[in-house]
Amino acid sequence: MKRPLFIVFEGIDGSGKSTQCDLLFRHAVSLGLPAVRLVEPTDGRWGRKIRAMLREKEMAPAEEQMRLFILDRREDAEQHIIPALKKNRIIIMDRYYFSNAAYQGAAGMSPEGIIAENRKMNFPEPDRVYFVDLPPDRAMERVTARSDGDREVFEKEHFLQKVRENFLSIADERFLVIDGTGSVDQIFDEIKNDFDKLVISC
């Protein structure tokens, strides 16, 4: 590889994006590529605060959510993302600032404003965003099956519908929108084929 590659997975809760992120990381490793798997929120101090916030019954103000995500991302960029890119590694990441635009956008903030705020921070920009698109009713079936009744604050169908609409509204040329209603293998084949082409081109 002549340059590093930064891959991000996005999708609403229950879309299957984390499964696909894991599969792509394993695929990259199987090819002998220097891959790093990351996730936001992180396991750092700000990420732990975010995860605790998401378990609350009432949703925190969108501005407070955004403040914590920015702090977590700044730490993540300094400690993980930028060092990995400098070492010419492939980053395969589960959620990034596009999730903020979609989720905090659904909570009342401007999705475009959130993106602009993140870009002002000069966070690294991804080469590809795989958006696994699944209708909210299907996503909620999966969330309900796995949660045993204990859901995070965002896991409501009407809210996820707004989130999905926001994701689609901010999708640019880096996004590959993938039909999430297919089988795990079908979805991964589409991602793998695109990823393999990206690796060759870089």
Side-chain angles (χ1 to χ4, degrees), residues 5-31 33 35-44 46-55 65 68-69 72-73 76-77 80-81 84 89-104 106 126-157 159-161 163-164 166-168 170-171 174-195 198:
L5 196 57
F6 187 6
I7 304 293
V8 170
F9 280 82
E10 295 285 12
I12 65 174
D13 295 75
S15 65
K17 61 161 183 56
S18 296
T19 296
Q20 295 298 327
C21 188
D22 285 337
L23 288 172
L24 187 63
F25 174 69
R26 291 176 200 160
H27 173 65
V29 170
S30 75
L31 296 176
L33 298 171
V36 177
R37 193 201 188 289
L38 300 176
V39 62
E40 289 189 359
T42 71
D43 291 327
W46 303 113
R48 291 194 297 272
K49 286 181 180 290
I50 292 168
R51 293 179 191 280
M53 175 185 68
L54 297 181
R55 290 191 293 270
Q65 297 175 33
L68 292 176
F69 275 107
D72 187 42
R73 185 161 301 118
D76 194 25
H80 304 111
I81 300 173
R89 293 179 176 172
I90 296 176
I91 296 175
I92 299 175
M93 189 163 185
D94 189 346
R95 294 204 185 283
Y96 199 38
Y97 68 73
F98 307 99
S99 279
N100 290 151
Y103 280 81
Q104 281 68 61
D127 298 283
R128 172 69 82 212
V129 180
Y130 293 118
F131 175 59
V132 183
D133 185 28
L134 189 70
D137 58 337
R138 294 281 299 275
M140 284 306 303
E141 290 174 5
R142 296 179 182 178
V143 169
T144 301
R146 76 187 183 196
S147 66
D148 196 27
D150 185 21
R151 299 178 187 170
E152 291 187 347
V153 68
F154 294 141
E155 295 174 339
K156 300 178 178 66
E157 185 174 335
F159 186 80
L160 291 181
Q161 180 60 44
V163 173
R164 182 193 183 211
N166 284 340
F167 269 125
L168 293 172
I170 63 173
R174 292 171 299 176
F175 272 66
L176 181 61
V177 179
I178 298 164
D179 182 1
T181 63
S183 70
V184 171
D185 289 343
Q186 288 172 333
I187 295 168
F188 183 60
D189 280 345
E190 186 173 352
I191 292 170
K192 179 170 69 69
N193 290 338
D194 181 74
F195 173 79
L198 287 174

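Along the sequence shown, residues carry numbers from 1.
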message = Set out, in order, the CA-CA distance, both residues' side-chain angles and the distance that settles ring-ring contact (aromatic ring centres under 6.0 Å, His included) for Phe167 and Phe175, then state yes or no.
response = CA-CA 10 Å; Phe167 269 125; Phe175 272 66; 7.3 Å; no

Problem set entry | Candidate pair Leu176 and Phe131, rule side-chain contact (heavy atoms from CB on, under 4.5 Å), full reasoning | CA-CA 6 Å; Leu176 181 61; Phe131 175 59; over 6 Å; no

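Using bins of under 30°, 30° to 60° and over 60° for the plane-to-plane angle, the ring pair Phe9/Tyr130 lands in the tilted bin.
For Leu134, the side-chain contact (heavy atoms from CB on, under 4.5 Å) partners at least two apart in sequence or on another chain are Ser15, Arg138, Ala139, Arg142, Thr181.
Donor-acceptor pairing under 3.5 Å is lacking for the side chains of Asn166 and Tyr103. A side-chain donor-acceptor contact under 3.5 Å links Asp94 and Ser18. Counting only N and O atoms by type, the side chains of Asn100 and Arg95 include no donor and acceptor under 3.5 Å apart. The closest side-chain donor-acceptor pair between Glu40 and Ser99, if any, does not fall under 3.5 angstrom.
Not one N or O on the side chain of Asp133 forms a donor-acceptor pair closer than 3.5 Å with the backbone of Val177. Formation of a donor-acceptor pair under 3.5 Å by the Arg89 side chain with backbone atoms of Ala84 is not found in this model. In terms of modelled atom types and a separation under 3.5 Å, the side chain of Gln186 and the main chain of Ser183 share a donor-acceptor contact. For Glu10 (side chain) and Lys17 (main-chain N/O), no donor-acceptor pair under 3.5 Å exists by modelled atom type. In this structure a side-chain-to-backbone donor-acceptor pair under 3.5 Å is present from Arg51 to Pro41.
The two residues Phe25 and Ala35 come nearest to each other via the heavy atoms CE1-O, 3.5 Å. Counting all heavy atoms, side chain and backbone alike, Leu160 lies closest to Ile12 at O-CG2, 3.9 Å. Considering every non-hydrogen atom in both Val8 and Pro126, the closest pair reads CG2-CB, 3.7 Å. For Met93 against Val39, the heavy-atom pair with the smallest separation is CG-N, 4.5 Å. Of all heavy-atom pairs spanning Ile187 and Gly182, the tightest one is CD1-O, 3.6 Å. For the residue pair Ile178 and Ile191, the shortest heavy atom distance occurs at CD1-CG1, 3.2 Å.
Salt bridge Lys49/Asp72: absent, no basic N to carboxylate O contact under 4.0 Å.
Once rounded to the nearest 0.5 Å, the distance linking CG of Asp22 with NE2 of His27 reads 14.5 Å. The CD atom of Gln20 lies 10.0 Å from the CD atom of Glu190; values are rounded to the nearest 0.5 Å.
Sequence neighbours left out, the pairs with a member in residues 174-187 that pass salt bridge (Lys or Arg N to Asp or Glu O under 4.0 Å) are Glu125-Arg174, Asp172-Arg174.
Aromatic pair Phe6/Tyr96: ring centres closer than 6.0 Å.
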